Amino acid sequence: MSFDWLTLCAEGQTTDCIPPVQVAYLIALIVGTILFAIVALRSRDLSTATLALIPVAIAINIAVGSLVYFLRLPIYLDSIGTVLVGALAGPWAGALTGLLANLIWSILPVPGGAGPTAAFFAPVAGVIGLMAGFWAARGVFRLRTDDSRVGQFLALAAGVAATGIALLVVQSTIGLPDLGAQDETTLLDNQVRFVLLSIALVALGVVVAWLTNRTTFDFEPEDSRIRPYLGGATTISAFVLVFAVIRLLFAPDGYFSTVDGSDPDFLGGADLTGLAMSDPPGLIVAAGLGLLVAVGAWVWARRGDNARLFPVWVGGLTTGLVAAAISAPIAAGVFGGVTGGGTDALVALFRTLGLGIFQSAFAQGLTSDPLDKTISYTIVFAILTALPLTVRTMFSRGETTVAE
Amino acid sequence: MASPATGYFRPGESWLHRRDPLTKLLALGWVLLAAFLLPPLTLALLAILILVVATTTGLLRPMLRALRIPAVLIGSILVVNAFFFPGAQDIIVRLGPIALSREGLAFGVVSAGRILVAFSASILFLFTTLADDVLESLVARGASHRIAFVILSAVQMVPRLQDRASAILEAQQARGLAVSGSFATRVRALVPLVGPILLGSLIDVRERTFALEARAFGASTHRTAYRVVVDPPIDRWLRLGILAAMVATVVVGVTGPLA
């Protein structure tokens with residue numbers, strides 16, 4: 001018996017191999033089934049209050065998600081309810097909400113709904129619920145700006161930033177290994193180098209996070225540095241976010257340079273290539289706007305308890321990164337990266353930049369998911385603040401949403 | 001269009017309507033597995049099978065009409081893959097930076113075909129099966145009634161949320177909220193509309209918890225069913241056959257002698 005067929009296909013190869021499509025589909029199916037089995041077992045421990053909350057959260061997911069899908073925005077906003085349940089009733093209840101929301105969404109005749117595509121992303125939604133419960137238990141929704149535990153989140157943000165900067169440096173100096181290589185030995189070589197590089201980058205982030213947690217961000221209780229540090233972190237993030245979004249949309253090879261009216265379904269086939277700015281002025285505009293928003297963020301973060309949103313954003317950002325890593329193989333494998341929503345334009349953009357099917361789906365996820373989950377976490381924070389205390393404390397983890 | 005509470009269900013007496021919900025669920029699972037695991041040529045066979053089932057149950061016309069739901073998705077899959085296929089060699093037409101490639105077109109047609117088969121099989125299942133029956137027969141076989149409650153009340157929650165939304169819209173308009181006009185006005189109207197909908201339905205959870213507890217929802221004693229779903233004797237053999245077909249499909253799909 002020969003096991004030669006038991007290798008992944010390279011791009012273009014068709015015989016004696018397993019196409020990545022089928023592997024992605026099988027893995028998603030297995031992950032989904034296992035997750036569902038664990039969750040079904042755990043659900044015996046869920047209180048009646050939690051079971052009454054989950055349907056409402058599912059309805060919120062579907063309602064807001066359908067609206068955003070219909071508007072063809074390049075984000076999803078279909079996990080607000082999942083994060084809410086994860087925060088109020090723990091990770092397993094959150095996972096159950098996410099799984100069921102996506103499965104139910106795919107069978108309900110909701111106008112503007114995503115239809116059967118949502119079911120394929122159920123495992124991702126489940127993991128989002130798990131992560132929301134994890135972060136809520138670590139206090140993202142309850143820490144005030146004078147709490148010394150905020151340091152852990154600043155350290156984590158520093159680690160993520162270090163990985164991002166290192167990735168940019170590697171990309172602009174030695175370049176990322178080409179995963180679309182035709183020659184099989186080169187391809188294998190490049191895949192190994194790519195995996196090693198990713199491990200090295202993640203390891204760098206972990207080391208930076210660990211070191212800064214021990215040194216710079218090791219606060220005493222009632223430390224006077226906490227508030228200025230949070231303000232600074234908010235300012236830097238605001239600048240990076242605005243700069244990155246403007247570059248993504250208006251750079252010479254950015255989003256609008258691909259909206260040339262070739263898809264009649266999208267914006268009625270409007271030609272928006274004129275919005276792509278040429279380089280020195282475009283760069284200056286992006287930096288200028290970024291600085292302007294950063295100053296605004298500084299003033300805002302210094303006022304009252306506003307900067308306590310920073311741990312919330314770190315939670316959303318990391319959830320988004322994990323979600324992107326899980327959803328990319330599904331999006332690439334099942335739909336070739338194209339799901340019919342507003343994110344398709346991003347996929348097309350990354351493909352014109354020369355990325356492969358899987359890489360475009362992953363790049364789209366890395367762009368959409370962290371932004372999407374950060375917005376979702378912020379909305380959940382606002383909902384939790386507005387909910388009466390007696391309602392929040394009905395649920396098993398409700399106390400993790402009460403400010404200390 | 002059917003009301004959102006019963007979903008796509010169309011009452012009827014066809015042979016597919018009379019099957020046990022679990023038999024149909026398994027058959028749907030097999031079609032999905034086959035569509036994504038087996039080589040593209042089997043898609044044609046599956047499509048013929050689905051057409052035959054739809055014709056014999058008299059649901060051909062509603063099924064074809066329902067295909068407009070995934071039309072946008074299928075359109076995008078075709079357009080994006082045909083014009084933006086990475087590493088395409090065999091170019092048919094070139095228009096500046098975008099090119100219509102044969103590989104992209106083939107990949108797009110296969111992907112679209114898979115979605116089409118998966119969707120029409122799902123829609124036939126939904127046309128002939130009531131969600132309540134699926135859950136009832138699952139609970140009768142020992143599934144958790146707690147999960148069944150969550151799924152059913154989530155399905156019914158969406159129309160209830162819509163009712164609440166229109167009530168709040170009218171209430172806020174009666175208080176003088178401007179909801180039409182420029183884009184900025186409409187965005188500003190979002191908070192006084194969405195806020196009460198979200199918070200109101202979350203606060204309702206408290207009342208519903210008390211109502212459920214008052215009716216012994218959390219009790220662990222044995223329950224009897226109010227609705228009994230019939231399970232025709234032939235269905236047991238059908239289910240065994242479908243399970244065998246599923247195993248065969250996975251083995252063939254993964255080892256790939258047909259590829």
Side-chain angles (χ1 to χ4, degrees), chain A residues 5 11-12 14-15 18 21-22 25-26 40 43-44 46-49 51-56 58-60 62-63 84 96 100-101 104 106-110 115-117 180 260 262-263 265 334-340 344 347-348 351-352 354-357 360 383 386-388 390-391 394, chain B residues 1-2 4 7-8 36-37 69-70 72-73 75-77 79-81 83-87 95-98 107-108 111 114-115 118-119 122 126 131 144 146-147 149-151 153-158 160-161 195 198-199 201-206 208-209 212-213 217-218 253-256 259:
Chain A
W5 50 267
E11 273 188 28
T14 50
T15 49
I18 307 169
V21 180
Q22 300 187 357
Y25 185 64
L26 269 182
S43 73
R44 278 186 207 146
L46 298 181
S47 69
T48 305
L51 290 172
L53 170 69
I54 290 174
V56 178
I58 292 175
I60 294 174
I62 295 176
L84 186 72
L96 180 68
L100 288 182
I104 291 173
S106 62
I107 60 164
L108 270 190
V110 184
T117 51
D260 52 7
S262 60
D263 179 0
D265 283 344
V334 182
F335 304 104
V338 184
T339 54
D344 286 0
V347 173
R351 285 195 187 182
T352 51
L355 298 180
I357 294 180
S360 311
I383 294 177
L387 265 189
T390 50
V391 173
M394 280 177 72
Chain B
M1 197 54 152
Y8 291 100
F36 283 91
L37 284 181
I69 299 170
V72 174
L73 168 65
S76 332
I77 286 183
V79 167
V80 176
N81 279 305
F83 289 99
F84 303 92
F85 196 69
L95 285 167
I98 58 172
F107 184 81
S111 306
R114 290 199 159 123
I115 301 294
F119 182 84
S122 316
L126 296 172
S144 152
R146 302 156 69 83
I147 296 272
F149 161 77
V150 168
I151 295 175
S153 75
V155 170
Q156 290 159 1
M157 190 64 69
V158 174
R160 216 180 299 166
L161 211 60
L198 287 185
L199 294 177
S201 24
L202 287 172
I203 291 170
D204 269 2
V205 169
R206 182 170 43 186
R208 199 160 315 120
T209 307
L212 283 170
E213 279 302 343
F217 181 74
V254 174
T255 55

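The shown structure was predicted, so the numbers you read here are calculated from the model rather than taken from an experiment. So you know, we letter chains A, B, ... as the sequences are listed, proteins then strands, and number each from 1.
- Between atom OG of residue A:Ser47 and atom CD of residue B:Glu213 there is a gap of 8.5 Å, rounded to the nearest 0.5 Å.
- Interatomic distance, CD1 of A:Ile60 versus OG of B:Ser201, reported as 5.5 Å (0.5 Å rounding).
- In this structure, the separation between CD1 on B:Ile147 and CG on A:Leu96 is 4.5 Å, given to the nearest 0.5 Å.
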Set out, in order, the CA-CA distance, both residues' side-chain angles and the distance that settles side-chain contact (heavy atoms from CB on, under 4.5 Å) for A:Val56 and B:Leu202, then state yes or no. CA-CA 7 Å; A:Val56 178; B:Leu202 287 172; 4.0 Å; yes
Using the rule given for side-chain contact (heavy atoms from CB on, under 4.5 Å), can you reason through B:Thr209 versus A:Leu51, listing the C-alpha separation, both sets of side-chain angles and the distance that settles it, and then say yes or no?
CA-CA 8 Å; B:Thr209 307; A:Leu51 290 172; over 6 Å; no
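- A:Thr48 and B:Arg208 are not linked by any side-chain donor-acceptor pair at a separation below 3.5 angstrom, with hydrogens and angles left out of the test.
- For A:Pro55 against B:Met157, the heavy-atom pair with the smallest separation is O-CG, 3.9 Å.
- Within the 4.5 angstrom heavy-atom criterion, only side-chain atoms of A:Ile58, from C-beta onward, approach chain B.
- Only the side chain of A:Leu100 comes within contact range of chain B, judged by heavy atoms closer than 4.5 Å.
- Contacts between B:Ile151 and chain A at a heavy-atom distance below 4.5 Å involve backbone atoms as well as side-chain atoms.
- Here the side chains of B:Leu199 and A:Leu387 are in contact, with some heavy-atom distance below 4.5 Å.
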